[in-house]
Structures are given as structure tokens and as C-alpha cells.
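Residue numbers count from 1 along this sequence.
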Amino acid sequence: MNSLKAIIKQQKPNIKAITLNNYVRNIKIIISKYTNLDITTFSPIYLKSFEDVEKFILFLSNLKVAEATKYTYLFAVITLLSLDKEEYKNELKEYQFLYKQIGESLKKLPKTENEEKRWTTMSSLIKKTNELGKDISTFKKHRNFVIASLHVLQPPRRNIARTLIVSTTKPPKESKNNYLVIGEKYYFIYGNQKARTYNGEIINVSRALQNILKNYIEKYNLQNKLLLPTYENNNIELSTGAYTQILKKYLRVSSSLIRKIYISENKKDEITGMGNSTATQYNYYYKK
């Protein structure tokens, strides 16, 4: 019997691994909450469990979770039923209608007064970062340009980049550190982050960011060292406070606000690569 992951992969051959893992995780969560079914292998009975739309909607409405979490659960059900679109086309229409309603309600999250004052756009942040890149004559200037680039040329994360170790080989699978693995292609492995569910997450580096990182790493010989040390020729992590001050000084915003701006400009059913769930993103970061 094929696994749920294999079935979804078969229908969506181009799906990214992290997106596939998120789909499977969320489907398993809602199946376990709504039924008593064994979910080790795929079975059509999973889909049949959600045939009674009214019953499931009542269950969902009574769940004591945030609207954003319900939004994620509903998308999981839609993903599941989409494995047999012909058989469940009518149910899908009803679920998709409610999904759209919840999505519209999530747009009503207002900005705080402080966010209104500091709010900007991703294009403006990219422009500021490009300006920083015009003067990388010292280690600190170059490092600060790299810090800004990490937050605007990829889906932005928390201040986790200060912990990244540059590795020329693939780290052990169960490593509890965070790495930038360099080679023909660059990618991040996050083995130690706030949302432990996402430990082991692998994120490819965008081409634009890879070029910036390659130049910086080679210039300062950072192979198998911290990517962003406090000073040139040492291997001491920047503190969270120091890292935040760099972002605020040069981009005029914190990493948290960058995430809010990015998510508000890129509202999707599933935003990956940020170290948290879609529910968390829409519950805490999406702003009207």
C-alpha cells in the first residue's frame, strides 16, 4: 500500500519536498483529530471520512483553535479530496467556498500603530539592500550587506542566520546546528530552530543570494566557520540584540516586521521556507 506522501507526489510530481511534507503533516493532523483511523498508509477511507461536509464544518467550527489554524486544516482536507476530484467534486466546491470565506476574514487583521509607522515594501527593502552592496570595503560592511540580503532575497526567517555554520560537506542528519552547505549548489539545513517541528528543514538558496554568499565566504575564508561572526577572524556568534540592531540601522525594520511585510505581499495557500506553519503566518504575520 502506498504512503500518503507517495500518492500526493504521484499527482503533483513537481511539488517541493518541504511543501509535500507540510501537506502530509497537516492532513495527518486533521485526520487524527476528526477520526480514529490508522494513518500509516494511504486508504480511500480517508477521503470518505470527509463526505459529510456539514458534519465536518460543525466539527471545525467547534474546534478551539485560531481561524488561521482552521484555514490550514481546511486546506488539508481540500488537498486530500483533490486526490479524487471526480468522485468528490461537489464536496470540494463546498469546502473551497468555506476556505475562501475564512481566507477573506484573515485579511481583516489590522496593523498596530507602530507597524503603521514602520511599514514599507519588499521592493523598498531590496533597494536599500542593493545600496548597502555598493560599499563592501570592510568586513563589517560586507557582513551587514549579507545579513540584509538573507532577509530580502529569500522568504525571510527569524534572526536565525546569526547561528549558521558554513559547511563544505553535508552535516549529519540529526545535527542540532544550523548550516549553510556550500558546493555546486548552496542550501540551508536548520537543525535547531524555535518551531522544533521544522528541525531538519532544508531550504535551497536562491541564485541571487548564492552569488552574494559565495563572494563573501571566499573573500573572508569562512568555510567551516560561522557565516556571520562578530568580527573578522573570530568565530563568535552575534547576539540576538546586535543582529536586530543591524537590521534596524540599515533596513529600518526588524526581522519580525520583514516577515509580516513579506507574508502580507505574498499571501498563498502555503508559504514555505520560513520555519513555521501557514496557520502561524496568517495568525501572527499577515496584516491588512
Side-chain angles (χ1 to χ4, degrees), residues 5-6 8-25 122-123 125-126 129-130 132-133 136 139 142-229 235 237-238 243 247 255 258-259 262-263 266 268 270-278 281:
K5 182 181 288 189
I8 296 175
K9 178 68 174 176
Q10 186 177 26
Q11 292 215 354
K12 300 176 181 289
N14 297 321
I15 191 171
K16 292 182 179 179
I18 187 170
T19 302
L20 177 59
N21 289 337
N22 287 341
Y23 282 5
V24 171
R25 182 178 58 253
M122 289 306 299
S123 61
L125 293 174
I126 291 171
T129 299
N130 289 338
L132 287 177
I136 52 173
F139 169 75
H142 204 158
R143 183 202 61 195
N144 295 344
F145 166 57
V146 169
I147 288 173
S149 299
L150 286 161
H151 287 269
V152 304
L153 297 181
Q154 295 264 132
R157 304 181 75 95
R158 299 181 178 91
N159 293 352
I160 198 169
R162 66 187 186 80
T163 67
L164 286 169
I165 300 167
V166 181
S167 178
T168 54
T169 58
K170 187 175 180 179
K173 188 174 181 180
E174 300 303 320
S175 175
K176 300 301 181 183
N177 293 314
N178 301 312
Y179 294 93
L180 167 63
V181 183
I182 62 174
E184 185 177 346
K185 291 185 177 180
Y186 286 26
Y187 58 93
F188 300 109
I189 297 181
Y190 295 102
N192 183 13
Q193 50 187 329
K194 184 176 180 180
R196 294 182 182 178
T197 305
Y198 291 87
N199 281 347
E201 188 178 27
I202 298 175
I203 305 294
N204 291 324
V205 176
S206 69
R207 184 175 294 277
L209 181 57
Q210 178 167 322
N211 290 336
I212 290 169
L213 292 171
K214 185 175 187 294
N215 176 265
Y216 166 71
I217 290 166
E218 289 179 352
K219 183 176 179 180
Y220 294 102
N221 190 28
L222 295 172
Q223 295 88 345
N224 302 310
K225 300 175 184 175
L226 280 170
L227 178 66
L228 304 167
N235 205 38
E237 279 185 15
L238 282 166
Y243 191 99
L247 285 175
S255 62
I258 295 172
R259 287 153 73 81
Y262 179 84
I263 289 169
N266 294 276
K268 300 175 184 177
E270 189 81 18
I271 301 176
T272 58
M274 296 181 68
N276 54 22
S277 68
T278 304
Q281 291 162 8

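Residues Tyr216 and Leu227 meet the side-chain proximity criterion, which asks for heavy atoms closer than 4.5 Å. Between Ser175 and Ile189 there is no side-chain heavy-atom pair separated by less than 4.5 Å. No side-chain heavy atom of Ile182 sits under 4.5 Å from any side-chain heavy atom of Leu213. Side-chain contact between Lys12 and Leu20 is absent, with no heavy-atom pair separated by less than 4.5 Å. In this structure, the side chains of His142 and Phe139 stay at 4.5 Å or more apart for every pair of heavy atoms. In this structure, Leu226 and Ile165 have side chains that are in contact, with non-hydrogen atoms separated by less than 4.5 Å. Counting heavy atoms from C-beta outward, Tyr190 and Leu164 have side chains that approach closer than 4.5 Å. Taking 4.5 Å as the limit, every side-chain heavy atom of Phe188 sits out of range of all side-chain heavy atoms of Asn178.
With rounding to the nearest 0.5 Å, the separation of OG1 in Thr169 from CG in Asn224 is 6.5 Å. Rounding to the nearest 0.5 Å places CG of Leu238 at 4.5 Å from CZ of Arg143. Between Met122 atom CE and Ile263 atom CD1 the span is 10.5 Å, to the nearest 0.5 Å. Put simply, OG on Ser206 and CD1 on Ile212 are 8.0 Å apart, with the number rounded to the nearest 0.5 Å. For the atom pair Asn177 CG and Ser167 OG, the distance stands at 10.0 Å (nearest 0.5 Å). Interatomic distance, His151 NE2 to Leu209 CG, rounded to the nearest 0.5 Å: 10.5 Å.
The two residues Ser149 and Thr129 make their nearest non-hydrogen contact at OG-CG2, 3.5 Å. Nearest heavy-atom pair, Ala161 versus Tyr243, reported as atom, atom and distance to 0.1 Å: CB-OH, 3.4 Å. The two residues Leu150 and Gln154 have their closest heavy-atom pair at O-CB, 4.1 Å. Between Ile136 and Tyr220, the closest heavy-atom pair is O-OH, 4.4 Å. What you find for Arg259 and Arg158 is that their closest heavy atoms are NH1-N, 3.2 Å. Summarising the geometry of Glu237 relative to Arg162, their closest heavy-atom pair is OE1-NH1, 3.1 Å, with the distance given to 0.1 Å.
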Inset, instruction - Decide yes or no on side chain to side chain contact (heavy atoms under 4.5 Å, CB included) for Thr163 and Asn192, but give the supporting numbers first. - result: CA-CA 9 Å; Thr163 67; Asn192 183 13; over 6 Å; no
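At most 12 heavy atoms of other shown residues, nucleotides or ligands fall within 6.0 angstrom of atom NZ in Lys214.
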